[in-house]
Amino acid sequence: MTDVRVRIAPSPTGPLHLGTARTALFNYLFARHLGGTFIFRLEDTDQARSTEAHELDILEGLHWLGIRWDEGPGIGDEPERGSYGPYRQMQRLERYTEAATRLLAEDKAYYCYCTPEELDAERKRQEAARETPRYSGRCAQLTQADRAAFEVEGRTPVVRFRIPANRTIAFDDIVRGHVEIDTNALGGDLVIIRSDGTPLYHFTVAVDDAAMAISHVIRGEDHLSNTPKHILLFEAMGSAVPQFAHLPLILNPDRTKMSKRKSQTAVAAYRADGFIPEAFVNYLALLGWSTGTEEEVLSLAELVERFELSTVNKAGAIFDPERLEWLNGQWIRRLSADDLIDRLRPFMEAELEAGRIDWLPADEEMRALLPVLQERLPTLSAVGEIIGFLFVKDLDPDPALIVPKRWDAATTAAALTAARQTIADVGRVAWEADEIEPPLRRLVEERGWRAGDLFMSIRVAVTGRTATPPLFDTMVALGYERTLARLDRAIERLGAQAAPTS
RNA sequence: GCCCCCAUCGUCUAGAGGCCUAGGACACGACCCUUUCAAGGUUGAGAUCAGGGGUUCGAAUCCCCUUGGGGGCACCA
């Protein structure tokens with residue numbers, strides 16, 4: 001078997017897209033599974049839309065996911081790696097020019113002087129006449145004189161690649177099987193070099209895949225119809241044609257190709273929302289592929305071990321955030337204490353910055369909370385929801401929530417007062433969950449209350465919330481003084497409400 | 001419009017002619033656990049395998065047609 005060399009070739013015209021990340025992942029899994037080489041190449045020839053910020057976002061996003069490339073640009077000051085470079089297309093311009101010149105010399109390509117306006121008009125006319133839009137080939141047979149005349153007019157030509165008529169291009173796609181497409185359906189001769197001299201995608205992709213000895217082109221299904229153009233280009237350049245594998249698309253809930261208009265497509269946004277890379281990679285891998293077993297929670301290494309390109313699905317898959325979130329919870333629960341504390345830190349900092357908490361807990365405080373926190377985190381960003389009340393100076397709970405359905409304000413105030421005394425009696429020294437619970441249960445017993453009523457009342461008084469980690473652990477975390485102070489405050493609020501006129 | 005691709009529970013999927021009265025997971029319901037919320041456990045509902053024709057002793061699986069959906073047809077990638 002020839003060396004397996006695959007690549008991800010994103011364009012920095014936007015932030016790292018889910019689809020790009022998934023394609024990168026499948027390429028990566030394929031390469032690692034077979035001991036091949038995974039290459040990163042930046043397709044930055046669209047100078048109008050490419051930005052450095054997007055480039056960084058893509059590089060860092062893939063890195064965050066744990067996807068490392070053997071050849072490609074470095075991140076930050078890191079040098080580029082690999083002997084087929086450079087890996088940025090804007091640094092490879094001479095190669096495209098050179099390749100185009102050769103095609104021109106062999107009459108496999110020609111200069112075309114049609115202006116964008118003329119082409120646009122042509123296309124509009126064809127559409128109006130309900131014809132297939134295609135380039136007419138008007139400049140296909142220009143003489144020297146014709147060309148000179150256009151040059152005098154000040155026109156600068158593009159270079160068009162000749163698409164032969166009446167030929168069927170066939171290839172065996174690893175995921176789709178045998179595919180045949182007629183060259184007449186390709187839209188006519190293809191522009192490969194813009195009038196400003198920069199190359200276009202279909203050309204650069206073929207030139208670079210050939211130059212970089214890419215063995216398998218693994219990409220989204222949206223390129224399936226374009227594949228014949230690339231095959232023709234490979235043939236014209238006398239290069240070996242790689243194997244193709246077209247991955248199913250990731251879809252919006254309405255089954256259209258996933259787009260940022262309808263879905264969250266930026267990988268960075270999921271990262272900011274508290275998804276962790278283990279879960280994200282796991283989820284992406286299972287979108288369009290499965291192990292064939294009932295295993296679902298798989299690490300990157302396990303995915304590498306099991307991955308098989310030939311068992312990738314053909315049909316598109318809707319992106320399901322709920323399933324992602326479930327996997328995220330699975331992975332968060334598997335993290336070690338130190339690891340989780342580290343990953344939670346930036347999210348606590350964000351809480352502080354947003355003014356939702358008043359100070360940051362020390363690592364050891366966080367560690368103590370982990371037993372009740374970890375299994376409650378669907379995402380890292382949920383940390384504030386769950387334990388934020390512990391790091392708030394003043395709590396002002398809603399009296400309506402403090403009063404259980406079965407009680408009124410006066411009853412609740414009286415109950416909380418009794419409970420406050422019981423809790424105070426536990427004392428600072430014996431401040432443990434096991435010490436707090438029994439006397440409170442005894443109190444409930446004596447008064448003939450329902451434990452749930454009292455506990456809910458205390459919960460809201462002490463946390464401001466109706467859904468919290470276990471109450472007694474929560475009180476321990478809060479501390480003796482602060483627990484009593486919050487109870488006092490709640491009783492005070494209730495008193496004011498129970499007897500507003502007195 | 002033309003060309004190409006696709007089609008199993010709401011969603012992700014298992015399924016390579018008999019193991020399928022179609023399995024798992026998410027989501028949903030119930031129950032257990034339980035001070036709330038989670039997590040976990042048990043369990044339920046949910047797919048006439050898009051429809052119709054073939055082939056075959058036998059089809060979710062193979063073939064054809066229909067329908068539906070998607071993608072592509074740029075001096076974007």
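Chain A is the first sequence line, chain B the second, and so forth, proteins listed ahead of strands; every chain is numbered from 1.
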A:Lys257 side chain near B:rG69 phosphate (N/O to OP1/OP2, under 4.0 Å): no

Minimum-distance nucleotide to A:Lys229 side chain [options: B:rC73, B:rU13, B:rC75]: B:rC73

Residue matched to B:rA16 through Watson-Crick or wobble contacts both under 3.5 angstrom: none

Any A:Thr45 side-chain nitrogen or oxygen under 4.0 Å from OP1 or OP2 of B:rA77: yes

Nucleotide of B:rC26, B:rU35, B:rA77 approaching A:Trp326 most closely (side-chain heavy atoms): B:rC26

Span that lies between the C1' atom of B:rU56 and that of B:rG17, in whole angstrom: 9 Å

Pairing partner of B:rA50 (Watson-Crick or G-U wobble, both distances under 3.5 Å): B:rU66

Side-chain N or O of A:Arg219 closer than 4.0 Å to phosphate OP1/OP2 of B:rG71: no

Any donor-acceptor N/O pair, A:Asp44 side chain to A:Met90 backbone, under 3.5 Å: yes

OP1 or OP2 of B:rC76 under 4.0 Å from side-chain N/O of A:Arg194: yes

Per A:Leu471 side chain, nearest of listed nucleotides B:rU35, B:rU11, B:rC3: B:rU35

Salt bridge flag under 4.0 Å for residues A:Arg323 and A:Glu296: yes

NZ or CZ of A:Arg160 within 45° of A:Tyr135 ring axis and under 6.0 Å: yes

Short side-chain N/O contact from A:Arg255 to OP1 or OP2 of B:rU11, under 4.0 Å: yes

Watson-Crick or G-U counterpart of B:rU21, or none if no pair lies under 3.5 Å: none

Residue-phosphate contact under 4.0 Å: A:Gln374 side-chain N/O, B:rG40 OP1/OP2: no

A:Trp289 and A:Phe26 aromatic centres sub-6.0 Å: no

N or O in side chain of A:Arg323 less than 4.0 angstrom from B:rA25 OP1/OP2: no

Shortest side-chain distance from A:Ala315, nucleotide among B:rC6, B:rU11, B:rC76: B:rC6

Under 3.5 Å donor-acceptor, A:Arg376 side chain and A:Val372 backbone: yes

Short side-chain N/O contact to B:rC3 OP1/OP2 from A:Arg134, under 4.0 Å: no

Side-chain N,O (A:Ser290) to OP1/OP2 (B:rA14) below 4.0 Å: yes

